[in-house]
Amino acid sequence: MSRYNAKTVEAKWQAVWAEQRSFEVEANLTLPKYYVLEMFPYPSGRIHIGHVRNYTMGDVVARYKKAQGFNVLHPMGWDAFGLPAENAARDKGVHPADWTYANIAHMRDELKAMGLSLDWSKEIATCHPGYYGHQQKLFLDFFEKGLVYRKESWVNWDPVDMTVLANEQVIDGKGWRSGAVVEKRKLDQWMFRISDYSEDLLDSLEKLDRWPDRVRLMQQNWIGRSQGARISFEIIGEDKPLEIYTTRPDTLFGASFMAVSADHPLTQRLAKDNPAIKDFVAECHRMGTSEEAIEKAEKKGVDTGLEVAHPFIPGKTLPVYVANFVLMDYGTGAIFGCPAHDQRDLDFARKYGLEVTPVVAPDNADPEIGDTAYTGPGKIINSDFLNGMEVEAAKAEIIRRLEEMGKGTAKINYRLRDWGLSRQRYWGCPIPMIHCVKCGTMPEREENLPVKLPDDVTFDKPGNPLDHHPTWKHVKCPGCGGDATRETDTMDTFVDSSWYFARFCSPRADQPVEREKVDYWLPVDQYIGGIEHAILHLLYSRFYSRAMKVTGWSDIDEPFAGLFTQGMVTHETYRSEKGEWLLPEEVGHNDAGDLVELISGKPVTIGGIEKMSKSKKNVVDPGAIIDKFGADAARWYVLSDSPPDRDMEWTDAGATGAWRFVQRLHRFILEHIEAACPVHAPEPEEFPEAAKNLRKSAHKTVAKVTENIENLHFNNAIARIYEFMNALGDFKSDGTEGAKWALREGMEIIVNLVAPMMPHLAEELWQMLGHDTILVETRWPQAIKALTVEDKVTMAVQVKGKLRATIEVALDEQAKIVEEIALAQKSVQNAIGENTIRKIIVVPNRIVNVVI
RNA sequence: GCCCCUGUGGCGGAAUUGGUAGACGCGACAGACUCAAAAUCUGUUGUCCUUAGGGCGUGCCUGUUCGAGUCAGGCCAGGGGCACCA
């Protein structure tokens, strides 16, 4: 018998779909639309299992929705700007564009081999001027509406390579290539005013009811709305007060010091003639720019010698410190320290011998403070007029008093900062601005868009190639026509991915988007991607859709109506003797069974199981899997083994099981087609008992699989299909018309249910079943309700919560009768023994619990 | 450090959302077919008590409940994000 040949069959159906343009769609107001989108990939060179998982999930949804009669938009593109292309240019001497387009070509072939229902006619790449030119247009529109501005902000500076480093390029405070200690440096940078939308971005999370709760929670915490107070402290001997922000004004009587940021104007002024402060500020600037680095550093400070007056305790003064844990970007860049009720303040106070006065007493607990600050609720003590109040009441009262005195006010603060989009790199979208000595910073004229990247660049010098290009930046000012220079910074690649979903609606339009198209297709109905994008990418995209509304490009606030965050695909990490990351295929076992580097035979260290990432090289090439077992088996495997929202560790064993199922289903249809009735035969009047049961099983499966796919529980859908396959295998036909008909029905149903996951095999089987239509144009099966309900149920009988028997009763049987049957069981009687029955709980159709 | 998530057999996981823990798959073991292997098929497979029948069992500890994998509180372990990786 011929075995199923995945390779030829898959190629055959891919050709058919391409020829029939099965997945190319146009906006059509007479049809209900459904927009399925998976996060587009970075063209790193080859697809990895994470992509296979992500795109298979999206494909199942897309094919399922199409079978449900929706007009489905399912596009694909490339997040093609970014650092790795420049690294390749430096390391291998390849031009970033050549490297990127070669990678795209290879990965496109790989994706096509997966048989995804993508509309390839809508493919876009963000590094193409046809894309980024429109991004520049959007930037200019945003600039005109005041959504973009320029501000000095901090970057990681490598003093040896004379270049700006990304956070991931800073390892233990040192540059990854030079090894030099990284400094913070201030540069003029372009910013988006995302913080203007803090409140809206926060409040609108409520409406995103098809987003995972955890993502909404993460965004909520990220935006970080806090209700607090601004308080001004009089600095002794100074005219201007010190403004602070606090979320705990109720602890003001426990204040023992003030702390200001190293970047606070007061600090900068004092540093001029105080070497100790100057040195300390310099030390702070040697810390990285990441919040993690700042939080993990030892809490340190330096006394400025200044003192402030306590607003409520006459004669009491507090010393002012410059401290490394106070952020200039948050609040006012200055705080009061209340060590008893804030851990950082406590660490700091212990280090510098500052006083620790508890002012909140937890109920029935000793307010003695050791090494742990008390941050819980309680009653206020040691605080004059606040004594005896609960924390919340005390906050309100002290703000009222401060307002009376004109020394403070209630203030809502957000943690969310404006989005710095400037990057000092070549391989990104040029910022279309021009600096003129006379006119200042001017937007480029629209007719000059796109501002294209120059091709002739070199990466042999440190710094930004655009900056040392001989001619590119020298232009005439669009205002006065005089000599001027182009902005040489390019945009953060998050900008590219903040509107690509809108561009897909009209990917070849000569403006960023066409209104009718985005009005029809947006928002994305189901967006699928990694949880690692839970905050930044999704938040930036939400901001972008608001900004595009302000500039008239669309009318939606929220770009993604439904979001699904798939778990990451993880894999062990490997390092060579020298500490370099190694790909799994570079690693193997030697004769002695030790893990070694295959080329050199040198030992390999196994690291943790971590998210697959380019930088750690712990990636698996799925090409080999597809080559060996076919795309259908690979798709089936990534869906079957783990719940889609959880992390999945790649193992080779699972793929074999999927492959076996492909064979089993194919063989079953092949061997049983003769035993089934002809295609489109009319339904007979009578069914033998076994056929009735098969039909019940089939229709229950349809109902469950439909529900599972709706909820994206693909692993459960597959388990149900396996169960039905087992039922089909167990079916004994008696040769009657009813049996033949039920067998065909079962076979057709399983082929339909399997189709979104294994589309090639399903098409092939559909044809074998005698159909001359193709499955991608076939409607999803409907479960017959009457066949999905049973008239009998099995109920569990517990005595004192322990299972003692199971009983079979009629569906929705009266509680009294159920009790009788339950108590009649011998094992139940044994368990009850001499005890008296106190109560019997009957949960209909589920369980009986006899309480003794 | 801060925020979020996860923890169930040898393994991936299921559990009608508080109601029979371990569906389905992988692996393993035994058998059938075969000269043999592969493939396929059948059966067994949480654990302990030699069996009948029971005991124990969802990271750990406490609690709520007739009943807890599921809810609450406290721990432990692993993972993700922390604003210039994408």
Side-chain angles (χ1 to χ4, degrees), chain A residues 3 39 41-42 44 79 81-84 155-156 164-170 212-215 217-218 220-222 224 289-297 299 325 329 343-344 347 415-425 492-494 496-497 530-537 539-540 567-568 570 608-611 613-615 637 640-643 645-649 651 653-654 656-658 660-661 663-664 667 713 715-716 718-723 725-726 729 794-798 800-806 827 830 838-841 843 845-852:
Chain A
R3 291 193 80 192
M39 290 180 185
Y42 179 79
S44 55
D79 190 9
F81 276 136
L83 269 182
V155 293
N156 296 307
V164 176
L165 297 179
N167 278 338
E168 76 155 11
Q169 296 174 321
V170 180
D213 287 340
R214 62 169 161 160
V215 173
L217 193 56
M218 283 161 87
Q220 185 184 316
N221 290 331
W222 186 261
T289 55
S290 78
E291 189 172 295
E292 186 188 7
I294 293 161
E295 285 284 331
K296 274 187 176 164
K299 308 293 173 277
F325 61 90
D329 287 323
Q343 193 59 45
R344 289 170 307 184
D347 295 345
R415 203 184 81 97
L416 181 64
R417 307 199 298 255
D418 278 337
W419 170 13
L421 67 118
S422 295
R423 297 292 181 270
Q424 295 69 39
R425 305 187 202 295
D492 179 7
T493 56
F494 272 125
D496 311 339
S497 55
I531 182 72
E532 67 272 26
H533 294 292
I535 297 175
L536 293 179
H537 162 59
L539 196 62
Y540 290 158
M568 280 165 291
T570 60
I609 294 168
E610 290 184 62
K611 177 185 101 164
S613 74
K614 292 178 285 294
S615 56
Y637 169 57
S640 67
D641 239 31
S642 298
D645 54 345
R646 285 247 281 276
D647 288 355
M648 157 183 182
E649 202 203 337
T651 62
T656 322
R660 273 210 290 262
F661 181 70
Q663 292 297 338
R664 185 180 169 199
R667 198 173 48 241
H713 293 158
N715 56 325
N716 293 357
I718 285 179
R720 300 290 84 80
I721 291 171
Y722 271 121
E723 277 173 352
M725 184 72 239
N726 292 341
T794 306
M795 289 180 71
V797 184
Q798 297 181 337
K800 241 173 98 182
K802 290 213 162 138
L803 182 73
R804 296 297 167 183
T806 55
S827 53
N830 285 346
R838 294 209 322 224
K839 196 163 39 159
I840 300 178
I841 291 156
V843 181
N845 304 324
R846 296 267 165 79
I847 201 167
V848 182
N849 192 6
V850 182
V851 187
I852 54 172

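Sequence lines set the chain letters: A, B, ... in the order given, protein chains first and strands last, and positions in each chain run from 1.
- In this structure, A/Trp419 reaches neither bases nor backbone, as no heavy-atom distance under 4.0 Å exists between it and the strands shown.
- If you check every strand for non-hydrogen atoms under 4.0 Å, A/Ser422 touches a base.
- Residues meeting the salt bridge (charged side-chain N to carboxylate O under 4.0 Å, His left out) test with A/Arg720, sequence neighbours left out: A/Glu723.
- Every residue two or more places apart in sequence or in another chain that forms a side chain to side chain donor-acceptor pair (under 3.5 Å) with A/Asn845 is listed here: A/Asp812.
- The shortest non-hydrogen separation linking A/Gly82 to A/Tyr42 is O-OH, 4.0 Å.
- The separation of B/A21 from B/A68, taken at their P atoms, amounts to 10 Å, rounded to a whole angstrom.
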Go through the steps to decide whether A/Asp347 and A/Lys299 satisfy the test salt bridge (charged side-chain N to carboxylate O under 4.0 Å, His left out), and finish with yes or no. CA-CA 7 Å; A/Asp347 295 345; A/Lys299 308 293 173 277; 5.3 Å; no

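- B/C82 and B/G73 are spaced 28 Å apart, taking the C1' atom of each and rounding to whole Å.
- Distance from the side chain of A/Leu416 is smallest for B/A83 among the nucleotides B/C84, B/A83, B/G81.
- Protein atom CG of A/Asp496 is 14 Å distant from nucleotide atom P of B/C85, rounded to whole Å.
- Taken to the nearest 0.5 Å, the CD1 atom of A/Ile847 stands 8.0 Å off from the CE atom of A/Met795.
- Look at CE on A/Met39: it is 11 Å from C1' on B/A86, rounded to the nearest Å.
- Glycosidic torsion of B/U50 falls outside 90° of 0, placing the base in anti.
- Across B/G54 and B/C4, the matching P atoms stand 46 Å from one another, rounded to whole Å.
- No donor-acceptor pair closer than 3.5 Å links the side chain of A/Thr493 to the backbone N or O of A/Phe81.
- The same atom, C1', is picked in B/G55 and in B/G10; the two are 23 Å apart, to the nearest Å.
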Pairs under 3.5 angstrom, nitrogen or oxygen only, protein versus nucleotides 53-57 of chain B, please.
unit_1 : atom_1 : unit_2   : atom_2 : d
B/G55  : OP1    : A/Arg804 : NH2    : 3.4
B/C56  : OP2    : A/Lys802 : NZ     : 3.1

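- Here A/Phe494 lies in heavy-atom contact (under 4.0 Å) with a base.
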Atom pairs under 3.5 Å: protein N/O with N/O of nucleotides 38-46 of chain B:
unit_1 : atom_1 : unit_2   : atom_2 : d
B/U40  : O3'    : A/Arg667 : NH2    : 3.4

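- Distance CZ (A/Arg344) to P (B/C2): 10 Å, rounded to an integer number of Å.
- Between B/C3 and B/A15, the distance separating the two C1' atoms is 31 Å to the nearest Å.
- The CG atom of A/Leu539 sits 13 Å away from the C1' atom of B/C82 (whole-angstrom rounding).
- Atoms CZ (A/Arg423) and P (B/A83) sit 11 Å apart, rounded to a whole Å.
- With rounding to the nearest 0.5 angstrom, the CD1 atom of A/Ile535 is 10.0 Å from the OH atom of A/Tyr540.
- Applying the salt bridge (charged side-chain N to carboxylate O under 4.0 Å, His left out) test to A/Asp492 and every residue at least two apart in sequence or in another chain returns A/Arg423.
- Contacts of A/Arg417 with the nucleic acid, taken as non-hydrogen atoms under 4.0 Å apart, include base atoms.
- Atom CH2 of residue A/Trp419 and atom CG of residue A/Leu536 lie 9.5 Å apart, to the nearest 0.5 angstrom.
- The separation between A/Leu217 atom CG and B/C4 atom P is 5 Å, rounded to whole Å.
- Annotation: side chain of A/Gln169 is in contact with side chain of A/Leu83 (closest heavy-atom distance under 4.5 Å).
- Residues satisfying the side-chain contact (heavy atoms from CB on, under 4.5 Å) test with A/Asp418, not counting sequence neighbours, are A/Tyr149, A/Met191, A/Arg193, A/Ile194, A/Ser195.
- Here the separation of B/A32 from B/C26, taken at their C1' atoms, is 22 Å to the nearest Å.
- What you find for A/Leu803 and A/Ala796 is that their closest heavy atoms are CD1-CB, 3.6 Å.
- Atom CD of A/Glu532 and atom C1' of B/G81 are 10 Å apart (whole Å).
- Remark: the separation of the P atoms in B/G1 and B/G9 is 29 Å, to the nearest Å.
- Here the straight-line distance linking atom CG of A/Asp213 with atom CD of A/Gln220 works out to 10.5 Å at 0.5 Å rounding.
- A/Ser827 and A/Arg804 get closest at one heavy-atom pair: OG-O, 2.9 Å.
- At whole-Å resolution of the value, OH in A/Tyr722 and P in B/G22 are 21 Å apart.
- Separating the CZ atom in A/Phe661 from the CD1 atom in A/Ile718 is a distance of 8.5 Å, to the nearest 0.5 Å.
- Toward the 5′ end of RNA chain B lies the nearest nucleotide of A/Thr794, the other residue of the pair A/Thr794 and A/Glu723 mapping further downstream.
- Counting atom types as modelled, A/Gln424 pairs a side-chain N or O with a base atom of B/C84 as donor and acceptor under 3.5 Å.
- Taking the nucleotide of RNA chain B with the nearest heavy atom to each of A/Tyr540 and A/Ala658, the more 5' of the two is matched to A/Ala658.
- Under the side-chain contact (heavy atoms from CB on, under 4.5 Å) criterion, A/Arg214 pairs with A/Pro212, A/Ile531, A/Thr565, A/Asp645, sequence neighbours left out.
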Just the dot-bracket of RNA chain B, please: which string comes out with Watson-Crick or G-U pairs under 3.5 Å, [ ] for crossing, | for another strand? (((((((..(((......[....)))((((((.......))))))((((...))))..(((((..]....))))))))))))....

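- Taking A/Lys800 as the reference, nothing meets the salt bridge (charged side-chain N to carboxylate O under 4.0 Å, His left out) condition, with sequence neighbours excluded.
- Within 4.0 Å (heavy atoms only), A/Val155 reaches at least one base atom of the nucleic acid.
- B/G78 takes the anti form, because its glycosidic angle lies more than 90° either side of 0.
- Remark: the separation of the C1' atoms in B/G67 and B/G19 is 7 Å, to the nearest Å.
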For nucleotides 66-70 of chain B, which of its nitrogen or oxygen atoms have a protein nitrogen or oxygen under 3.5 Å away, and what is each distance?
unit_1 : atom_1 : unit_2   : atom_2 : d
B/C66  : O2'    : A/Asn849 : ND2    : 3.3
B/C66  : O2     : A/Asn849 : ND2    : 2.5

Nucleic acid footprint by protein, nucleotides 10-16 of chain B - heavy-atom cut-off 4.0 Å, B for base, S for sugar-phosphate alone: --SSSSB

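- Residue A/His533 is classed as a base contact, given a heavy-atom separation below 4.0 Å to a base.
- Shown here are the side-chain contact (heavy atoms from CB on, under 4.5 Å) partners of A/His537, two or more places apart in sequence or in another chain: A/Met39, A/Phe494, A/Ser497, A/Tyr500, A/Tyr527, A/His533, A/Ser541.
- A/Arg415 contributes atom CZ, which lies 5.0 Å from atom CD of A/Glu291 (distance to the nearest 0.5 angstrom).
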